[in-house]
Number of protein chains: 2
Amino acid sequence: MREGPDIARIASLVGDPARANMLTALMGGTALTASELALEAGVSLPTASSHLSKLMEGGLLTLASQGRHRYYGLAGPQVAGMIEAITGVAAAVGPQRVRPGPRDAAMRVARVCYDHLAGEQAVAMLDRLVARQVLLRDDKEIRLGPSAASHFAAIGIDVVSKARRPVCRACLDWSVRRSHLAGTLGAAILDKILLEKWARREKDSRAVIFSPMGKQAFEKVFLG
Amino acid sequence: MREGPDIARIASLVGDPARANMLTALMGGTALTASELALEAGVSLPTASSHLSKLMEGGLLTLASQGRHRYYGLAGPQVAGMIEAITGVAAAVGPQRVRPGPRDAAMRVARVCYDHLAGEQAVAMLDRLVARQVLLRDDKEIRLGPSAASHFAAIGIDVVSKARRPVCRACLDWSVRRSHLAGTLGAAILDKILLEKWARREKDSRAVIFSPMGKQAFEKVFLG
DNA sequence: TCAATGCTTCGATGAAGGACGAACTATGCG
DNA sequence: CGCATAGTTCGTCCTTCATCGAAGCATTGA
């Protein structure tokens, strides 16, 4: 009989369809209220409330009360990474899927991963940044290169770490099996992309759709 | 209501304690038989068999039949990565350690790991055998040294491999984070320890309790 | 061919927990 | 205040599924 971190406890939290839907919905990065999550999960409000308590108790969610609204969000990037990893296995393992619709294709190209960009675009970006030595990567770790500060400052992104959260982190992609950039820098880049309206978010989905011009701009700045 | 990869299905597979233990055991990288996994999970053989079918059906395991042995292993690095991600969250989220009781302390010192000895004693033993070059270890693999046959023959252990099972294998310890000796040799040594009554097994536990004299004898033979 | 071992299937049991309606608390708004 | 909206708690029903013993296959060795 094994000991150690209670992995079954965490996994079983994700293992309920209603809770899994809630967590998936929260992968979009924005915090949601209990009613919204109930709707996402397709259960009644009391049921959702019960699930949310469990997720809170399990440490997977954070709660921000604002007046009579209670906003639930993912507890952190580590939790988001776990959901991505599970999603990846589920996607790889379920070959009995109907042919990938247009939404799936879009998801493969670019999607939101909690607070940063994921998908082929994001993987290509990280590759390029490493090739140009703006970022340095050894093994699983990613660090800022000497030219990083000036490079990102030129496009209006400050790479100074304000919080305890790391600036750079690698996050494994489920569609491609390679890493993309997470951390505060990854989040800042996604902000920039949406702020500049290079891309818009598909409603009720994690997909990120680049406009033709936005794609060009993105490629010029990050893949150039 | 969401669509997409069935993440709840995968997570719920990991969400059962017995299955979680099996998967954790398989994280070592070596494939194990159904009986071994039953022991690891602390369930009966039929129960284990049922769990294994489910894990197979879920695509998390691969199966290699060799005669009447059926070796189960993780389906791939992606699955391993997922387990690791879940373990990470579980470790970060649950620092609530139960106070280590006397049984836990004993488990840390010495315990049975399905057919061989694990724990601090076992780790020390392997270290010493390698230091004396009775065993040779490179990377993760352990082989017999030139003096191994005579050395073990002197204490009544035959190192000739009868079965297909390897004589030496490294097994990662959860208490200490280092390896101990598994394989037929590991099993033979545990047999010897119990046969000579150097130690007895705690009932209903994996703990192995050395008598004062037994400990001396063990240290003389294996740590001398 | 017979016995032993490794493993799976079957059937019955029992406990865990997910579901919702109703009632309760809390915030906001006139 | 009184009413409406957002959430939680409670109680109960009910499905699911983990568990084990016994029996059934399959492989190996004698």
Side-chain angles (χ1 to χ4, degrees), chain A residues 1-2 6-23 25-26 31-58 60-73, chain B residues 1-2 6-26 30-58 60-73 114-115 161-165 184 187 204:
Chain A
M1 198 111 61
R2 299 224 149 216
D6 197 348
I7 134 174
R9 181 173 135 77
I10 300 300
S12 71
L13 282 175
V14 188
D16 175 83
R19 287 193 293 259
N21 281 331
M22 293 175 171
L23 291 168
L26 291 173
L32 299 172
T33 66
S35 337
E36 289 167 336
L37 288 167
L39 212 65
E40 284 288 346
V43 293
S44 73
L45 225 150
T47 304
S49 182
S50 149
H51 284 307
L52 288 170
S53 321
K54 281 170 191 165
L55 288 171
M56 283 296 296
E57 198 183 355
L60 265 46
L61 298 184
T62 53
L63 174 57
S65 285
Q66 281 180 17
R68 61 178 161 182
H69 293 271
R70 313 192 64 173
Y71 287 94
Y72 291 91
Chain B
M1 199 108 60
R2 303 225 145 214
D6 197 349
I7 133 175
R9 184 174 134 75
I10 301 300
S12 71
L13 281 175
V14 189
D16 176 82
R19 287 193 292 261
N21 282 330
M22 291 175 171
L23 290 168
T24 306
L26 290 172
T30 53
L32 299 173
T33 65
S35 338
E36 289 167 339
L37 288 168
L39 216 64
E40 284 288 347
V43 293
S44 74
L45 226 151
T47 302
S49 183
S50 149
H51 285 306
L52 289 169
S53 322
K54 283 171 190 165
L55 288 171
M56 283 297 294
E57 198 184 353
L60 297 187
L61 298 185
T62 52
L63 174 57
S65 285
Q66 281 181 15
R68 63 178 159 184
H69 294 269
R70 314 192 67 176
Y71 287 92
Y72 290 91
Y114 85 79
D115 68 351
S161 173
K162 301 171 189 89
R164 211 164 300 178
R165 188 173 160 208
T184 57
D204 291 333

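Chain letters run A, B, ... following the sequence lines, proteins first, then strands; residues in each count from 1.
Going from atom CG of B:Leu39 over to atom P of C:dG6 covers 12 Å, rounded to whole Å. Distance OH (A:Tyr72) to C1' (D:dT8): 9 Å, rounded to an integer number of Å. The CD atom of B:Glu57 sits 15 Å away from the C1' atom of C:dT8 (whole-angstrom rounding). For A:Leu37 and D:dT8, the CG to C1' distance is 15 Å, given to the nearest whole Å. Taking atom CG on B:Leu45 and atom P on D:dA18, their separation rounds to 17 Å, with Å as the unit. When the P atom of D:dT8 is taken as reference, atom CG of A:Leu52 falls 7 Å away, rounded to whole Å. B:Leu61 places its CG atom 15 Å from the C1' atom of C:dC7, with the value rounded to the nearest Å. For A:Leu55 and D:dT8, the CG to C1' distance is 16 Å, given to the nearest whole Å.
Residues forming a side-chain contact (heavy atoms from CB on, under 4.5 Å) with A:Ser53 (at least two apart in sequence, or on another chain): none. Residues satisfying the side chain to side chain donor-acceptor pair (under 3.5 Å) criterion with B:Ser44, sequence neighbours excluded, are B:Thr47. For B:Thr62, there are no side chain to side chain donor-acceptor pair (under 3.5 Å) partners at least two apart in sequence or on another chain.
In terms of heavy-atom proximity, B:Leu13 sits nearest to B:Gly58 at CD1-CA, 3.7 Å. Scanning all heavy atoms of the two residues, the minimum distance from B:Ala20 to A:Ala8 falls at CB-CB, 3.7 Å. A pairwise comparison of heavy atoms in B:Ala18 and B:Ala41 identifies O-CB, 3.5 Å as the closest pair. In terms of heavy-atom proximity, B:Ala38 sits nearest to B:Ala48 at CB-CB, 3.5 Å.
Of the candidate nucleotides C:dC7, D:dT9, C:dC20, C:dC7 has the atom lying nearest to any side-chain atom of B:Thr33. Considering only side-chain atoms of A:Ser35, the nucleotide from D:dA6, D:dT8, C:dC7 that sits closest is D:dA6.
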Legend entry - Sequence-aligned protein contact record of nucleotides 13-18 of chain C, with B where the base is within under 4.0 Å of a protein heavy atom and S where only the sugar-phosphate is: -----S
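B:Ser49 comes within contact range of at least one nucleobase, with a heavy-atom separation under 4.0 Å. Residue A:Tyr71 is classed as having no contact, given no heavy-atom separation below 4.0 Å to the nucleic acid.
Of the inter-residue distances, the one linking A:Ser12 atom OG with A:Ile7 atom CD1 reads 10.5 Å to the nearest 0.5 angstrom.
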Protein and nucleotides 22-26 of chain C: nitrogen or oxygen contacts under 3.5 angstrom:
none

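Rounded to 10 degrees, the angle separating the terminal axes of the helix from C:dT1-D:dA30 to C:dG30-D:dC1 is 30°, with each axis obtained from five end pairs.
A donor-acceptor contact shorter than 3.5 Å is absent between the side chain of B:Arg19 and the backbone of B:His51.
B:Arg70 has no side-chain polar atom (N or O) that falls below the 4.0 Å cut-off from OP1 or OP2 of D:dT27.
Side chains of A:Leu37 and A:Leu26 form a contact here, defined as non-hydrogen atoms less than 4.5 Å apart.
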Inset, instruction - Apply the test side chain to side chain contact (heavy atoms under 4.5 Å, CB included) to residues B:Leu61 and B:Leu23: give CA-CA distance (whole Å), side-chain angles for both, the deciding distance (0.1 Å), then the verdict. - result: CA-CA 9 Å; B:Leu61 298 185; B:Leu23 290 168; 4.0 Å; yes
Inset, instruction - Please step through side chain to side chain contact (heavy atoms under 4.5 Å, CB included) for the pair B:Thr33 and B:Tyr71, ending with a clear verdict. - result: CA-CA 5 Å; B:Thr33 65; B:Tyr71 287 92; 3.6 Å; yes
